[in-house]
Amino acid sequence: MDIKKSMDVSRKEDNTQFLSYLRDVEKKWQKAWSDAKVFEAELDNKKQKYFITVPYPYPTGPLHIGHGRSYTVGDVHARYERMQGKNVLFPMAFHITGSPIESISNRLKEGDVEFTNLYKSYVSIYLSDQEKIDNTLKSFANPIEVANFFASNICRDFDALGLSIDWRHKFTTGDALYNSFVSWQFRKLKEKGYITTGSYPILYAVKEKQAVGEDDIAGGDELAIEIKEHAAFEAHVSKDIDLLCTCPADIASGEPIKITINPEATYVIASFNQKKLITSEQSVEKLANQGKNLKVTERLLGKEILKRFPTASCAQYNELKLADGQVNSDVASGVMLETTPAKSKDLQNEKNAALIPDFLFYDIAAEKLPVKTRAGSKVIVAVVDGQWFIDYSIKEWKSVAREALSETKVTPERYRKQFNDAFDWLAKRPCARERGIGTRLPFDPKWIIEPLSDSTAYMAFYVVSHKLKTAGAHPEKLVDQFWDYVFLGRGSLKNVETLTGLESKTIESMRTDFLYWYPVDERHTAVAHINNHLSFFIFTHAALFPKELWPKSIALNNLVIRDGTKMSKSKGNVIPLFDISEKYSSDLFRLFIISAGELDSVLDWNAAGIDNMASRLQRFKDVFEQANSFHNEGTLDKKDALLAEWFASTIEMNIQTAKVLYDSYKYRDAIQKALFDNLNCIETYLKYSKEKDRAVVNNALEKIVLGISPVVPHLAEELWRNTGREGFISLMRWPEESAYNKLLIEGFEAVNRSIEDINKITKIMKGSIAKKVTIIIADDWKYELVARLNMQKPKSIGEALSTNANIIGEHKEEASEIVKIFTRIGGETHVPERNIEKLMTSALVELIKDHTNMNEVIVLDAVETNSDKKFKALPGKPAIIISE
RNA sequence: GCAGGGGUGGCAGAGCCUGGUCAAAUGCGACGGGCUUAGGACCCGUUUCCUUUAGCGGAUGCGAGAGUUCGAAUCUCUCCCCCUGCACCA
């Protein structure tokens, strides 16, 4: 009984044992890579460079497997390019700009219990000691500590995933050196006139006199808060007093129907621009913050308005109505104008007579009003003056950006349209805020550049970041002349040397490095970034750099869901990236991410799929090792030699196909070929070849392990070394192409067709005890006929028959059958060579037995038999006789 | 509303650009069988319907409808439904 139990355990643990094996292998090779600095890329003029970037993460919490997808795919790409002999630079940094990190710090300081527990759970992913957890949480009072803690753990996660990153380039967007770079970037944009200033509506806490973000608002993430524009109209109620009516701007072009006010709410009569207006009491403060100061002269309830102005002449409107609480006096002016459905576009030019020109009333639209900050003070919309914008609508900029886009490869190509649309739509974008972490606007330091605007050209900074650090550059000395020199080749080296205090050879090497690594060869990220980040990325590059430094290629992937539902913090179904390397395995994760779906399809993470992938990967490893372990005993007979050649050919073909697929970003199909198809091929070979060819197997295994290494680098590294090979597979070249024998592959396919046919027949014959199958290879003339048909492409059956009468001879009936089948419109038919078909079939009789329930297989040439069935035999599809 | 993407078999998901070899890859599930004392794991087979103790047959079929074509899951048009983004959130 005990034995049974222990057997149970060992069987059940099969999977977990394999996973733990993988984890050990992963840790071992990650250490080896890091010790040998294999991913540190240096300028090398003998090698073609390849600069790939994936957007840096925002360290406000642990990354989850959804984030893991983009980084993994980026890494597969990086590794593949490295195998093509390219000098690959794959750097990484951290984005800490803006308010989220501060806001986390603040909320923890405020002692929000739910929030504190959330962060406790995040920290506990990485730490187990309770005291350490508490201390870490305490340290979060300083926002930088939040960023530091998560950033360092994300580094760990990335390493554990096997990402081939050159960490020397790491920085955060809060670093002074980075700020200097961004300042330069913004001054450049300003010089070009791409940065403008103006007024802009923002969410604003009245009491604190401060702009607020979504994080500052109570329930901000659920309220779906929006700033809405309301058009204003005036409606006379007496000779000198007007109602200030408002209506959402998007329906303002409709025909006005009626005006509604709330009888219980307080309204005011106030003077504005030599007019007297009636508006809600709440609106006065809002308008004051939108640059419209009203002087209140009198207060009155809504219901008093009609009493006071019974003869209200609202000529344009049918009705002035008092509504019971139907009108929220806290929305815009509290005097609602209803309209008929909006007019069609061509009618919209007809402005409503009562519309007050240039009077827009901004207010908040949210699921629940009023909107308050977490501290409880009221949030309104204020219009700030002096807001800085990046003006993407400037014509010359747009057109040069369009040009840059047209020269950028977009994968999948169908997303190009979305880019084009985004480019059309991009206009002025506010680029700075009054608070948060980041770079101050160089020409107006009270503003801080916002997160999306400071991350559009940082790939250039990557190239020099490590050298600036090691050279001990002083951020305040990195004046524009320095950046101009390094990135644009302007100015004199001497001058820059004096200004920065850096050695001239350091400066010169940064310039050389930049020219070597730039442009960005590949930007890999999620589809969601097209409308903003990726578009800004192209715009900024088009603005700053000459054409030859514009981005080469953008590749996109979709998101990851779990068990059919979106992952979200609130659902609690998020899997942190940490769990992958600790509880599953990085190679398994990588394999799943790559093979479970094409890049632009949504990927569903589910336990069944993972388990399945684990057992397939294990099978691969077992079969690989088994193939590697046999020794030659005898000599190869003709059949074995044939099978060996078939095996070598199939592997070679699969690897060549895989390369084409990798090249076109079809990683899923590529790994299908390189791993799973090859696995089947090895298994078939091992099973059905009596004597194996050591050299052939060795060669095939080498190709296979190279072919899978971009996706499962750790296991590949281990198998590489375990099979007596030297060096890191991560630095090996993709296998050289060699010729392969296609005829043998076709021959094998013919055998598979025979198996299918045998099974079809036995199904029909169910109940029969027949166990013997005779396979008859078609007559020679049929092969010749098919070959001719492929060349001749005859237009009709008659033509085909008459032109080939000499080889058809008296077999007219059979021939017309063949012609019918093999002259389908649309192209050639592939048939194996007759000799090979015959040899392959007899070499694989065991395979046929295994896949059918036959126990005797006889292969005959048509000339060796008189059976009637032999007339049914076709090239590539022999006649089959099943008998007892 | 505007813009983008999509609707395929019990489920998930390829195929669609470049129409025929697509009753439609692959995985999961289900069913049957092998191996097992048994379960799990593994292996083999079946998984729209009809016909057939002999394979290369027929029908229906890829959101709905219409069209182009010798031929449509694939091309065109109309309709219905679903998802995503819409700016200061990163």
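Computed from a prediction, not measured in an experiment: that's the story for all the values here. Note on naming: letters A, B, ... go to the chains in the order of the sequence lines (proteins, then strands), and numbering restarts at 1 for each one.
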| Test: Lys428(A) cationic atom under 6.0 Å from Tyr200(A) six-membered ring centre, within 45° of axis | no

| request: Describe the nucleic acid contact of Leu203(A) in one word from base, sugar-phosphate, nothing, applying a heavy-atom distance below 4.0 Å. | output: nothing

| How would you label the contact of Pro878(A) with the nucleic acid (heavy atoms, under 4.0 Å): base, sugar-phosphate, or nothing? | base

| task | Have a look at His533(A) and say if it touches a base, only the backbone sugar-phosphate, or nothing, with a 4.0 Å heavy-atom cut-off. | result | nothing

| said: Students often get this wrong, so: under 4.0 angstrom with heavy atoms, is Asp669(A) touching a base, only sugar-phosphate, or nothing? | reply: nothing

| message | Measuring from the side chain of Glu450(A) (C-beta onward, heavy atoms only), which nucleotide among C89(B), A87(B), C88(B) has the closest atom? | response | C88(B)

Show the distances under 3.5 angstrom between N or O atoms of the protein and N or O atoms of nucleotides 42-45 of chain B.
none

Considering only nitrogen or oxygen atoms on both sides, find all protein atoms under 3.5 Å from nucleotides 23-27 of chain B and state each distance.
{"from": "G27(B)", "atom 1": "O3'", "to": "Asn612(A)", "atom 2": "ND2", "distance (Å)": "3.3"}

Pairs: protein N or O with nucleotides 3-6 of chain B N or O, under 3.5 Å:
{"from": "A3(B)", "atom 1": "O3'", "to": "Asp421(A)", "atom 2": "OD2", "distance (Å)": "3.3"}
{"from": "A3(B)", "atom 1": "O2'", "to": "Asp421(A)", "atom 2": "OD2", "distance (Å)": "3.3"}
{"from": "G4(B)", "atom 1": "OP1", "to": "Lys417(A)", "atom 2": "NZ", "distance (Å)": "2.8"}
{"from": "G4(B)", "atom 1": "O2'", "to": "Gln418(A)", "atom 2": "OE1", "distance (Å)": "3.0"}
{"from": "G5(B)", "atom 1": "O3'", "to": "Arg414(A)", "atom 2": "NH1", "distance (Å)": "3.2"}

| message | Over all strands shown, is Ser455(A) touching base, sugar-phosphate only, or nothing at heavy-atom distances under 4.0 angstrom? | response | nothing

| said: Regarding Ala427(A), tell me which of base, sugar-phosphate or nothing describes its non-hydrogen contacts under 4.0 Å with the strands shown. | reply: base

| task | Quick one: label Ala528(A) by what it contacts on the DNA or RNA (base, sugar-phosphate, nothing), any heavy atom closer than 4.0 Å. | result | nothing

